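One structure is given here, and the rest of the page talks about it.
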Amino acid sequence: MLALFLSSSTYPALSSLSRSVTLNLARRTTLSALTMSMNLRTHAFAGNPLKSKTPKSSDPFSPTSAFESLKTLIPVIPNQPTVSPDFKVLPFSKGRPLVFSSGGDAATTPIWHLGWISLADCKVLLASCGADLSEDSLVYLGPKVEEDLVYWAVDLDEDGVVSELGGRKLCFVELRTLMVAVDWADQRAMNELAIAGHARALLEWHNVSRFCGSCGGATVPREAGRRKQCSNETCKKRVYPRVDPVVIMLVIDRENDRALLSRQSRFVPRMWSCLAGFIEPGESLEEAVRRETWEETGIEVGEVVYHSSQPWPVGPSSMPCQLMVGFFAYAKTVDINVDKEELEDAQWHSREDVKKALDVAEYRKAQRTAAAKIEQMCKGVERSQSLSTDFNLESGELAPMFIPGPFAIAHHLISAWVDQAPGNVQPKQQAGVSLSSL
């Protein structure tokens with residue numbers, strides 16, 4: 001079973017630049033209504049603006065052309081000429097992107113931004129780690145043609161760069177923390193989260209694919225880091241970025257108008273979510289939905305209806321980018337037999353109870369708290385608090401149950417079911433596509 005979403009870990013933080021906060025939602029906004037109004041492209045980590053299309057090789061913004069330009073510029077830094085397009089680099093350390101924070105005061109929530117740096121700054125940072133900047137150090141992320149920029153990512157040794165960055169109030173922050181801190185109705189913030197997710201997935205893939213799986217030879221980057229190749233002249237196997245597909249499903253009991261939610265021991269207290277599991281070789285998506293549901297809860301599933309999908313680059317580094325494929329799954333049986341090796345518990349919940357969990361869980365509060373922690377971290381002030389303390393009733397008491405926030409596809413599956421008419425197969429957000437009905 002896939003370990004989804006959050007553990008009760010410490011949140012980091014960020015600091016400085018100005019920008020007004022554009023949203024001032026009522027404290028008790030119903031999140032199901034908010035998320036149902038969102039376009040599915042705004043799933044966290046989806047909608048990357050640098051990935052809309054890859055330029056042709058002859059285009060100066062293409063991976064090939066940009067890489068050749070990079071090779072001519074690096075040897076002459078810091079005396080490189082002004083070029084078009086220009087290059088910006090996003091540093092990472094141990095899977096964490098560099099960020100800074102802005103706009104936080106008594107009345108507004110701090111906003112985090114990606115900490116893009118120049119090639120010259122990148123060379124300095126690598127030197128502080130005892131490494132030289134080369135064209136193979138960088139991974140191509142994509143262009144913004146309208147800004148005359150090509151964006152890259154680089155993996156750094158944090159111990160060598162903290163002193164360099166401290167005066168600029170930047171810091172490396174876990175991607176999960178940025179995910180919780182993002183204002184999911186702010187398209188700029190969602191775009192930056194998608195870029196950071198794509199960059200982390202590529203860099204972590206580079207870290208776990210250093211050697212050829214066929215002959216054991218060292219692999220070397222190709223196509224500006226978009227693939228790798230075995231350096232053994234007798235092998236030369238091509239290696240491409242890895243994607244691990246996962247089915248995630250909300251199992252529904254139509255007759256009794258209720259949904260099956262589960263808990264894992266690694267979940268924060270009181271959090272319930274959808275079932276999920278990896279697809280096995282030779283297995284269709286709908287077969288994976290049925291198998292995983294049966295293995296983990298003993299429930300047989302009939303009809304399977306597609307909802308949406310979401311990149312999930314915040315799993316373990318050994319699986320740099322999972323692809324969550326979301327479904328509604330309609331139960332043929334209702335007796336639960338929990339596999340305790342996979343789940344802590346699984347229970348049927350009425351539509352009304354799930355709706356209360358959506359209304360009560362203060363996702364905005366969690367978002368503001370995470371954003372404030374990022375700001376504090378960039379200022380050099382460590383703060384530690386469990387995420388579970390951010391989900392309480394207005395009375396100050398803990399909410400009896402909550403589900404993952406709008407950054408997770410589980411939230412969208414559950415809120416779509418809550419908002420649709422009882423017994424209706426089709427999610428409100430888009431027309432469902434029935435993959436099969438057995």
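Numbers for residues simply follow the sequence, beginning at 1. Keep in mind the model is a prediction, meaning the values are calculated, not measured. The figures that follow rest on heavy atoms only: side chains count, while hydrogens, waters and symmetry mates do not.
- Ring pair W184/F407: centre-to-centre distance not below 6.0 Å.
- Remark: the backbone N or O of V304 is not paired with any side-chain donor or acceptor of E286 at under 3.5 angstrom.
- Contact of the F327 side chain with the L250 side chain is not registered, since no non-hydrogen atoms from C-beta on lie closer than 4.5 Å.
- Between the R263 side chain and the A346 main chain, no donor and acceptor come within less than 3.5 Å of each other.
- In summary, R290 and E287 do not engage in a salt bridge, as defined by a charged side-chain N under 4.0 Å from a carboxylate O.
- A side-chain donor-acceptor contact under 3.5 Å links T297 to the backbone of T293.
- Separation of the W417 and F328 ring centroids does not fall under the 6.0 Å cut-off.
- For S65 (side chain) and F61 (main-chain N/O), no donor-acceptor pair under 3.5 Å exists by modelled atom type.
- Proximity of a side-chain donor or acceptor of E283 to a complementary backbone N or O of E280 within less than 3.5 Å is detected.
- A salt bridge links D244 to R242: one of the charged nitrogens lies within less than 4.0 Å of a carboxylate oxygen.
- The distance between the ring centers of H411 and Y363 falls below 6.0 angstrom.
- A 6.0 Å sphere centred on NZ of K340 holds more than 12 heavy atoms belonging to other residues, nucleotides or ligands.
- Between Y151 and W116, the ring centre distance stays below 6.0 Å.
- Using a 30° and 60° split on the angle between ring planes, H43 and H412 fall in the perpendicular class, above 60°.
- Between the side chain of K88 and the main chain of L149, no donor-acceptor pair closer than 3.5 Å is present.
- Side-chain contact check for T177 and E174: no donor-acceptor pair (N or O, by modelled atom type) lies under 3.5 Å.
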